[in-house]
Asks: 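Would you mind keeping the following structure in view while I ask a few things?
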Amino acid sequence: MIKITLKDGSVKEYPKGTPVIEITNDISRGLAKNALAAKLNGKKIDLQSPVNEDSTLEILTFDSEEGPDIYRHSTSHIMAQAVQHLFPGTKFGIGPAIADGFYYDFDAVENFSPDDLAKIEEEMAGIIRADLPFERLEVSRDEALKMFKKAGENYKVELINDLPEDAVISCYRQGDFVDLCAGPHVPSTGKIKSVKLMNLAGAYWRGSEKNKMLQRIYGTSFPKKSLLDEYIFRLEEAKKRDHRKLGAELDLFSVQDEGPGFPFFHPKGMILRNELENFWREEHKRSRYEEIRTPLILNRSLWEQSGHWDHYQENMYFTQIDDIDFAVKPMNCPGSILIYKSKLHSYRDLPIRLAELGLVHRHELSGTLHGLMRVRCFTQDDAHIFMLRSQVTEEIIGVIDLIDRFYKVFGFEYHVELSTKPEKAMGSDEIWDMAIDSLKKAMETRGMEYKINEGDGAFYGPKIDFHLRDCLGRTWQCGTIQLDFVMPEKFDLVYIGEDGQKHRPVMIHRVVFGSIERFIGILIEHFAGAFPIWLSPVQVKVLTVTDRGLEYAREIHDVMEQNGIRAEIDGRNEKIGYKIREAQLEKVPYMLVIGDREVDNKTAAVRKRGVGEKGNIGVSEFIEEVLEDIRLKR
RNA sequence: GCCGAUGUAGCUCAGUGGUAGAGCAGCGCACUCGUAAUGCGCAGGUCGUGAGUUCAAGUCUCAUCAUCGGCUCCA
């Protein structure tokens with residue numbers, strides 16, 4: 001007999017070699033019905049696996065952390081089987097689970113069409129109905145190679161060859177389909193209930209553009225139709241919030257054929273943008289930054305000196321002036337450095353924090369452009385901090401605090417990631433290690449948790465990235481803090497120390513919004529266009545019931561404008577319901593309805609976005625409330 | 001850049017080789033109206049662009065541009 005410790009701490013005894021499924025049945029019928037796989041001593045296994053020693057056992061259902069991945073992974077095998085049935089000769093790439101679903105990459109004889117997805121779904125339904133068991137087969141490396149070579153599965157052969165020496169090579173079979181796979185899988189195809197194939201896309205084998213492009217089918221699956229419906233509903237919600245759609249509807253910005261990746265900001269979008277910049281300037285002044293502005297176009301020699309010529313050329317735009325080569329800036333740092341170098345600095349002056357709302361241009365691949373989120377020119381809310389080595393930790397903490405303050409204003413939560421030395425890097429390992437340690441130290445001092453991204457740093461230094469989470473749970477990289485010992489060296493930056501000698505300062509490059517354009521895109525989607533009042537392009541709309549109210553409406557409109565409130569009058573000859581509907585679609589935070597009653601009592605009937613009618617109120621009282629909301633950025 | 005799809009009026013879309021359509025928006029007129037769409041009328045398009053096939057092209061072919069979904073890349 002062996003002892004099995006369950007998740008709740010209870011211990012049960014079973015004969016050695018009892019399959020997990022029997023233990024599960026013994027625990028509870030309900031659990032056995034929902035069980036997908038299990039975790040034995042922390043290792044994920046199939047329900048059919050026998051237990052041979054004293055162990056801790058956790059049964060995984062769809063509701064467990066690992067459940068959905070196992071469920072979707074099994075679904076991807078079913079999809080592959082369906083494709084094999086319908087499109088003989090197709091070779092198979094990989095088919096993992098991803099967040100919210102799965103995909104499988106195929107090298108098919110012919111391209112799939114969107115109509116094929118429906119056919120594949122149908123075939124999958126048949127496989128699911130057949131309730132084929134998933135069988136695990138462990139094979140030797142030679143057997144595996146022989147089997148997949150014979151089948152002409154060259155991608156699988158490549159995968160097997162790349163497996164570590166000591167790896168257990170396993171395959172899973174359901175019916176007539178066998179796939180190389182570590183597992184685990186659900187017990188049988190019948191476990192899969194609601195499947196939807198979402199879309200079709202090209203994807204390079206192993207993610208490298210040097211390799212062949214395979215066809216990827218994305219899909220998802222759920223144990224209940226209601227969960228699938230809910231998921232599809234969420235996707236539709238996200239679509240409704242799409243900043244490209246709302247940006248056009250709310251007349252905030254546009255992207256035109258004449259400028260792919262170069263967004264146009266319309267008057268209302270500019271209000272939003274200027275509010276963000278005003279807030280940014282206030283906060284940076286308070287944190288003792290000085291604002292600068294550097295030119296968009298600078299001489300080639302500068303970019304050679306900074307290393308951008310060698311490390312960033314493929315993303316840069318070039319031009320000539322009087323036969324001399326110039327580049328459009330892809331980053332603001334060299335300009336900022338030139339300002340630092342324009343005079344001699346004492347150690348007493350440091351740290352010097354030079355902030356710049358800098359418009360940068362970067363050549364992005366045409367296929368990647370996306371509204372305001374991925375563009376070819378954008379404004380970084382940049383700053384470069386020149387400081388003593390002894391000031392590094394304190395300055396980094398200062399930036400972390402600043403970023404934290406900003407995101408809280410918008411109600412964003414975030415997590416941070418630390419990126420280390422990339423392949424295309426400048427500077428010695430020693431300098432990099434020192435820089436990475438400084439960033440770690442600052443985060444640890446502040447008690448922050450962080451994830452490490454090996455090899456993901458900028459070419460001149462490691463960085464901390466801030467990923468904020470929007471109301472739909474999606475994450476966006478916005479703020480970054482990059483520590484740089486390399487540029488000061490390249491540009492021979494100095495300050496005069498206490499000893500009267502020249503010393504080398506250290507630099508921080510950092511952004512808070514990241515890109516103002518992208519940040520606006522995120523705000524649009526986060527708030528679904530219903531911005532907090534301090535950002536709303538129109539804060540109050542005054543609606544007249546008849547033109548008898550027009551004069552009084554103008555009066556209160558003027559008072560609001562004098563108080564700095566962005567107000568508009570809708571005095572058109574339309575029914576009040578029509579005007580309300582329109583203002584509602586414009587997502588204006590407050591409407592004031594003006595009819596004969598309001599004119600007579602010198603009040604306004606307030607209608608608040610998301611609340612509805614709030615009753616009548618004196619105009620000055622209303623203005624005070626609105627101003628308070630704006631001031632507190634509610 | 002690569003794979004796939006799409007491109008018809010300001011917007012959303014219909015139009016399967018034979019005279020370009022609808023709704024909304026716009027403009028005009030009437031209605032002076034109380035919390036999410038008043039009625040009637042008018043105007044609006046070299047069908048993304050360029051070639052080609054055809055007696056005839058929005059519709060078929062090719063090229064090209066842009067957009068969308070991904071890959072890759074990143075703020």
Side-chain angles (χ1 to χ4, degrees), chain A residues 103 105 108 111-117 198-218 239 242 244-245 248-249 251 254-261 312 314-315 330-332 358 360 362-382 419 456 458 463 465-467 476-480 482 509-519 521-522 543-550 572-586 591-598 605-607 612-616:
Chain A
Y103 66 78
D105 287 343
N111 281 339
F112 299 133
S113 75
D115 295 339
D116 291 336
L117 293 189
M198 308 299 294
N199 49 25
L200 196 55
Y204 300 108
W205 168 238
R206 303 198 132 183
S208 165
E209 53 193 307
K210 293 186 193 88
N211 292 334
K212 183 165 183 185
M213 181 160 274
L214 308 180
Q215 294 191 77
R216 175 172 297 178
I217 300 178
Y218 285 90
K239 222 187 224 166
D242 190 311
R244 292 165 300 184
K245 186 166 136 53
E249 281 171 13
D251 200 14
S254 58
V255 187
Q256 321 245 1
D257 283 5
E258 289 79 357
Y312 211 72
E314 56 194 32
N315 285 296
M331 293 187 194
N332 302 303
V360 297
R362 296 183 185 176
H363 180 72
E364 297 292 343
L365 296 177
S366 59
T368 66
L369 302 178
H370 181 94
L372 294 179
M373 301 298 196
R374 169 59 55 76
V375 291
R376 284 179 173 156
C377 77
F378 57 98
T379 310
Q380 289 185 304
D381 64 317
D382 218 341
S419 295
D456 235 12
K463 59 179 182 171
D465 291 324
F466 289 72
H467 296 255
W476 304 91
Q477 196 207 306
C478 290
T480 76
Q482 306 175 351
H509 311 238
R510 45 109 283 183
V511 290
V512 182
F513 291 136
S515 140
I516 306 257
E517 288 76 4
R518 179 182 285 183
F519 198 80
I522 295 165
L543 313 177
T544 53
V545 178
T546 71
D547 27 358
R548 287 193 299 277
L550 207 49
R572 290 175 306 170
N573 197 358
E574 292 291 349
K575 285 174 88 170
I576 190 66
Y578 180 85
K579 296 185 189 181
I580 286 169
R581 177 183 154 80
E582 213 160 85
Q584 193 85 21
L585 292 175
E586 285 166 29
M591 290 174 228
L592 297 182
V593 175
I594 304 300
D596 292 340
R597 282 204 297 277
E598 286 69 29
V606 178
R607 196 176 213 279
E613 284 184 72
K614 284 191 69 186
N616 279 48

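Proteins come first, then strands; the chains are lettered A, B, ... in the order of their sequence lines, and each starts at number 1. Computed from a predicted model, the values in this text were never measured in an experiment.
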Asks: Given the P atoms of B:C55 and B:A63, what is the spacing between them in whole Å?
Replies: 24 Å
Asks: For A:Glu613, what residues pass the salt bridge (charged side-chain N to carboxylate O under 4.0 Å, His left out) criterion, not counting sequence neighbours?
Replies: none
Asks: For A:Arg244, give me all partners under salt bridge (charged side-chain N to carboxylate O under 4.0 Å, His left out), at least two apart in sequence or on another chain.
Replies: A:Asp242
Asks: With a 4.5 Å limit on heavy-atom distance, are the side chains of A:Thr379 and A:Arg518 in contact?
Replies: no
Asks: Between the protein and nucleotides 4-12 of chain B, which nitrogen or oxygen pairs come in under 3.5 angstrom?
Replies:
residue	atom	partner	partner atom	Å
B:G4	OP1	A:Asn111	ND2	2.5

Asks: Provide, to the nearest angstrom, the distance between the CG atom belonging to A:Leu369 and the P atom belonging to B:U67.
Replies: 6 Å
Asks: Suppose we screen for ring-ring contact (aromatic ring centres under 6.0 Å, His included). Which residues come up paired with A:Phe112, at least two apart in sequence or across chains?
Replies: A:Phe87, A:Phe106
Asks: What distance, rounded to whole Å, do you find between the two P atoms, one in B:C31 and one in B:G7?
Replies: 45 Å
Asks: Could you work out the separation of B:U61 and B:G4 based on their P atoms and round it to a whole Å?
Replies: 15 Å
Asks: Who passes salt bridge (charged side-chain N to carboxylate O under 4.0 Å, His left out) against A:Arg572, sequence neighbours left out?
Replies: A:Asp570, A:Glu582
Asks: Please tell me which of A:Asp242 and A:Gln482 maps to the more 5' nucleotide of RNA chain B, matching each residue to the nucleotide holding its nearest heavy atom.
Replies: A:Asp242
Asks: By ring-ring contact (aromatic ring centres under 6.0 Å, His included), which residues pair with A:Phe378, not counting sequence neighbours?
Replies: none
Asks: Looking at residues at least two apart in the chain, or sitting in another chain, which of them share a side chain to side chain contact (heavy atoms under 4.5 Å, CB included) with A:Arg548?
Replies: A:Thr546, A:Asp596
Asks: At 4.0 Å (heavy atoms only), tell me whether A:Gln477 reaches a base, stays on the sugar-phosphate, or touches nothing.
Replies: sugar-phosphate
Asks: Remember a base hit wins even if backbone is also touched, and classify A:Lys614 as base, sugar-phosphate or nothing at under 4.0 Å, heavy atoms.
Replies: nothing
Asks: Can you tabulate the close N/O pairs, meaning under 3.5 Å, that link protein atoms to atoms of nucleotides 27-35 of chain B?
Replies:
residue	atom	partner	partner atom	Å
B:C31	N4	A:Asn573	ND2	2.4
B:U32	O2'	A:Arg548	NH1	3.1
B:U32	O2	A:Asp547	N	3.3
B:U32	O2	A:Asp547	OD1	2.6
B:U32	N3	A:Asp547	OD1	2.5
B:U32	N3	A:Asp547	OD2	3.2
B:U32	O4	A:Asp547	OD2	3.2
B:U32	O4	A:Asn573	ND2	3.2
B:C33	OP2	A:Arg548	NH2	3.4
B:C33	N4	A:Asn573	OD1	2.4
B:G34	O6	A:Asp596	N	2.8
B:G34	O6	A:Arg597	N	2.9
B:G34	N1	A:Glu598	OE1	2.7
B:G34	N2	A:Glu598	OE1	3.2
B:G34	N2	A:Glu598	OE2	2.8
B:U35	O2'	A:Arg607	NH2	3.3
B:U35	O2'	A:Glu613	OE2	3.1
B:U35	O2	A:Arg607	NE	2.6

Asks: Considering only atom P, compute the distance from B:A9 to B:C47 and round it to an integer number of Å.
Replies: 10 Å
Asks: A:Leu543 near the nucleic acid: base, sugar-phosphate alone, or nothing, with a heavy-atom cut-off under 4.0 Å?
Replies: nothing
Asks: Taking only the side-chain nitrogens and oxygens of A:Tyr103, find out if one of them lies under 4.0 Å from OP1 or OP2 of B:C71.
Replies: no
Asks: Would you measure the distance from the C1' atom in B:C11 across to the matching atom in B:G44 and give it in whole Å?
Replies: 13 Å
Asks: I'd like a list of close polar pairs between nucleotides 23-25 of chain B and the protein, N/O only, cut-off under 3.5 Å.
Replies:
residue	atom	partner	partner atom	Å
B:A25	OP1	A:Tyr578	OH	3.4

Asks: Counting only distance, no hydrogens or angles, is the base of B:G70 paired donor-acceptor with the side chain of A:Tyr204 under 3.5 Å?
Replies: no
Asks: Pick base, sugar-phosphate or nothing for A:Glu364, based on heavy-atom distances below 4.0 Å to the nucleic acid.
Replies: base
Asks: Salt bridge (charged side-chain N to carboxylate O under 4.0 Å, His left out) with A:Arg216: which residues, sequence neighbours excluded?
Replies: A:Asp105
Asks: Test of understanding: with ring-ring contact (aromatic ring centres under 6.0 Å, His included), list the residues that count as partners of A:Trp476, not counting sequence neighbours.
Replies: none
Asks: Do the non-hydrogen side-chain atoms of A:Ile594 and A:Leu543 ever get within less than 4.5 Å of each other?
Replies: no
Asks: Tell whether A:Arg374 reaches the base of B:C73 with its side chain through a donor-acceptor pair below 3.5 angstrom.
Replies: yes
Asks: Base, sugar-phosphate, or nothing: which does A:Tyr218 touch, judged by heavy atoms less than 4.0 Å apart?
Replies: sugar-phosphate
Asks: Taking atom types as they are modelled, is there a donor-acceptor pair under 3.5 Å from the base of B:C73 to the side chain of A:Arg362?
Replies: no
Asks: Hey, does A:Gly207 reach any base, or is it just sugar-phosphate, or nothing, if we go heavy atoms under 4.0 Å?
Replies: sugar-phosphate
Asks: Under the rule for side chain to side chain contact (heavy atoms under 4.5 Å, CB included), what residues qualify as partners of A:Asn199, not counting sequence neighbours?
Replies: A:Tyr218
Asks: Heavy atoms only, 4.0 Å cut-off, all strands: where does A:Val375 land among base, sugar-phosphate and nothing?
Replies: base
Asks: Provide, to the nearest angstrom, the distance between the NE2 atom belonging to A:His363 and the C1' atom belonging to B:C74.
Replies: 13 Å
